[in-house]
Number of protein chains: 2
Amino acid sequence: MDSQRSAPVGRPRSFDPDEALEKAMRVFWQNGYEGASLPDLTEAMGISRTSMYAVFGNKEELFRQALARYADGPASYGAEAVAEPTARGVATVFLHGAVRSATLPGYPTGCLSLRASLIGGEDGQGIRELLGAWRDETSAMLTNRLRRAVDEGDLPAETDSALLARYLMTIGNGVAVQAAGGAGRADLQVIVDAVLQSWPPVLSTDR
Amino acid sequence: MDSQRSAPVGRPRSFDPDEALEKAMRVFWQNGYEGASLPDLTEAMGISRTSMYAVFGNKEELFRQALARYADGPASYGAEAVAEPTARGVATVFLHGAVRSATLPGYPTGCLSLRASLIGGEDGQGIRELLGAWRDETSAMLTNRLRRAVDEGDLPAETDSALLARYLMTIGNGVAVQAAGGAGRADLQVIVDAVLQSWPPVLSTDR
DNA sequence: CCGATTCCGCACCGATCGATCCGAAACTGC
DNA sequence: GCAGTTTCGGATCGATCGGTGCGGAATCGG
């Protein structure tokens, strides 16, 4: 309804919140949640401490919005993957997206949520819950999509779709860690191609 | 030479350094390097702040020794793997070891070095170098072993042993992340078995 | 020009970090 | 018993953390 406030009088905002959020995302991506200090963030965003609190509330809320931007941007390959018409396409887009996202030129390597989640401390509990929820959401999205593939006959009837989703996320996580450790895009591309070569994997529970 | 000091007179040590190091390792494993505070560590070790500094020097040195204990204990599967007579055995022991180590009952889930490495901050630089060195050491160990397998005809002649080692570490890292996220041992076991089902993987650089 | 509004720089808060220092208690060999 | 040595709890240090409050500069509508 009211896209404009009641009385927008006074000094206008001198910076672009979207651009500031982009910078904040990169800092969190690079340093993790607790590793990114307020001076780090505000300096990168080009705004003062005061403005950050006025616009975003606090550090945790800033991270929430940065994560949302991350999920819609560099990490949108999950949503892209489930839109593929075949299960093989889902796996291909997902793993290729993981490689591309973890080795984006001009961005930190690896995965933002991974760098931010593997932290201790009691204050980071809300952050861990947030990241856990996002991870579970991705997992559920993949699981549902793969189950549909089973129903459609695109995957063997005995396929455990949840386990197969976990399989994909395991490879994706490994790719992210490797990228954070300095692995190049070409190497990781070859690795996920090798994984995709044996699709679908034989996830036999019995041994 | 002199296994005993010159004049061991005075109050004897009232705690077992080895046992204390074990406790410290668990705390680091659970909370990461920066996430483990001095009170956390000393309380778990059952010793005072003073004693910790007297015995280990500082927090970073304590972590070094805890990591060494980790590498010789729960994470010794890397060394065990390269002792296998076949490349398939190497991969099997490595991946099964990764699963077992990441889901040890009574221990934190996941991988100590992963939890400790993915942190920012400027003070953690020495820690990151230490963990990077250990990772590179493992990588080199696997690479050399796989190269030997190529020389012995145990793997195809055109195999890129370094890339194949990276392939194994990628899966292992993914397993560690999944375990840290709550994945159970049985699921991860099935996943790595599926990976091993297509051994050796087709790591074709050309597409 | 003027009041209103919003920005920013800066000082400040309590809490926690790793690290150090000190006095008292505990145990050794003589 | 007596010195010598080491342990321990606790106070303390400087630095940094996330978060807040304040005053001045800048920019709007009127």
Side-chain angles (χ1 to χ4, degrees), chain A residues 4-21 23-24 27-28 31-66 116 119-128 130, chain B residues 4-21 23-24 27-28 31-66 116 119-128 130:
Chain A
Q4 56 250 38
R5 310 285 282 275
S6 54
V9 181
R11 186 183 185 183
R13 176 162 295 142
S14 61
F15 62 91
D16 180 8
D18 216 56
E19 189 177 339
L21 203 54
K23 302 300 182 68
V27 175
F28 281 127
N31 303 104
Y33 178 71
E34 298 198 323
S37 70
L38 265 299
D40 290 340
L41 291 164
T42 54
E43 186 182 358
M45 297 165 82
I47 66 177
S48 71
R49 227 181 175 81
T50 318
S51 302
M52 195 282 285
Y53 276 97
V55 175
F56 299 100
N58 55 31
K59 184 185 178 184
E60 183 166 334
E61 192 58 35
L62 174 63
F63 180 79
R64 291 183 120 86
Q65 299 196 28
I119 53 167
E122 303 166 356
D123 53 342
Q125 190 168 0
I127 298 296
R128 252 174 299 160
L130 173 66
Chain B
Q4 56 250 39
R5 310 284 281 277
S6 53
V9 180
R11 186 184 184 180
R13 177 161 293 142
S14 61
F15 61 92
D16 180 9
D18 216 56
E19 188 177 339
L21 204 55
K23 302 300 181 68
V27 175
F28 280 128
N31 303 103
Y33 178 71
E34 299 197 324
S37 70
L38 263 301
D40 290 340
L41 291 164
T42 54
E43 187 182 358
M45 298 165 82
I47 66 176
S48 72
R49 229 183 176 80
T50 317
S51 301
M52 195 282 286
Y53 277 97
V55 175
F56 299 101
N58 56 31
K59 186 185 177 183
E60 182 167 335
E61 191 59 34
L62 174 63
F63 179 79
R64 291 184 120 87
Q65 298 195 28
I119 53 164
E122 305 166 353
D123 53 341
Q125 190 168 1
I127 297 297
R128 249 174 301 160
L130 173 66

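As a basis for the values below, the full set of heavy atoms in this structure was taken, side chains included, without hydrogen atoms, waters or symmetry mates. Throughout, protein chains are lettered first and strands after them, A, B, ... in sequence-line order, and every chain is numbered starting at 1. The shown structure was predicted, so the numbers you read here are calculated from the model rather than taken from an experiment.
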Asks: Among D:dG21, D:dG18, D:dG10, find the nucleotide with the atom closest to the side chain of A:Thr50.
Replies: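 Closest nucleotide to the A:Thr50 side chain: D:dG21.
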Asks: Could you tell me the separation between the CZ atom of B:Phe56 and the C1' atom of D:dT7, rounded to a whole number of Å?
Replies: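 Going from B:Phe56 (CZ) to D:dT7 (C1'), I get 15 Å.
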Asks: Should the ring pair A:Phe28 and A:Tyr33 be called parallel, tilted or perpendicular, given that the plane angle runs from 0 to 90° and is split at 30 and 60?
Replies: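 Parallel: the ring planes of A:Phe28 and A:Tyr33 meet at under 30°.
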Asks: Please report the distance, rounded to the nearest Å, between CD1 in B:Ile47 and P in C:dA26.
Replies: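 It works out to 19 Å between those atoms.
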Asks: Can you work out whether A:Val55 or B:Tyr53 has the more 5'-proximal nearest nucleotide on DNA chain C?
Replies: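 Result of the comparison: A:Val55.
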Asks: To the nearest Å, how far apart are B:Glu43 CD and C:dG18 P?
Replies: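 Atom CD in B:Glu43 sits about 14 Å away from atom P in C:dG18.
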Asks: Kindly indicate whether the side chain of B:Glu34, heavy atoms from C-beta on, has any atom under 4.5 Å from the side chain of A:Glu34.
Replies: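 B:Glu34 does not reach A:Glu34 side chain to side chain.
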Asks: Assess whether one donor atom and one acceptor atom, taken from the side chain of B:Arg49 and the base of D:dG9, lie less than 3.5 Å apart.
Replies: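 Under the 3.5 Å cut-off, the side chain and the base do not form any donor-acceptor pair.
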Asks: Rounded to whole Å, how long is the line connecting atom NZ of B:Lys59 with atom P of C:dT16?
Replies: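 My rounded result for the distance is 15 Å.
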Asks: Using whole Å, report how far CG of B:Leu62 lies from C1' of C:dG18.
Replies: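 Spelled out: CG on B:Leu62 to C1' on C:dG18 is 12 Å.
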Asks: Rounded to whole angstroms, how far apart are CG on A:Leu41 and C1' on D:dG19?
Replies: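 Rounding to the nearest Å, CG of A:Leu41 and C1' of D:dG19 are 14 Å apart.
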Asks: Would the distance check show the side chain of A:Lys59 and the main-chain N or O of A:Ser37 forming a donor-acceptor pair, the cut-off being under 3.5 Å?
Replies: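 Flag not set: sc A:Lys59 to bb A:Ser37 has no pair under 3.5 Å.
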Asks: Can you check the A:Phe28 CZ to D:dG18 C1' distance for me, whole Å?
Replies: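 My rounded result for the distance is 12 Å.
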Asks: Would you mind reading off the distance between A:Asn58 atom CG and D:dG19 atom P, rounded to a whole angstrom?
Replies: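 About 5 Å, once rounded to whole Å.
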Asks: Check this one for me: any side-chain N or O of B:Ser37 less than 4.0 Å away from OP1 or OP2 of C:dC17?
Replies: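 So the side chain of B:Ser37 is within the cut-off, an N or O lying under 4.0 Å from OP1 or OP2 of C:dC17.
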Asks: Please determine whether the number of non-hydrogen atoms from other residues, nucleotides or ligands lying under 6.0 Å from atom CD of B:Glu61 exceeds 12.
Replies: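 Yes.
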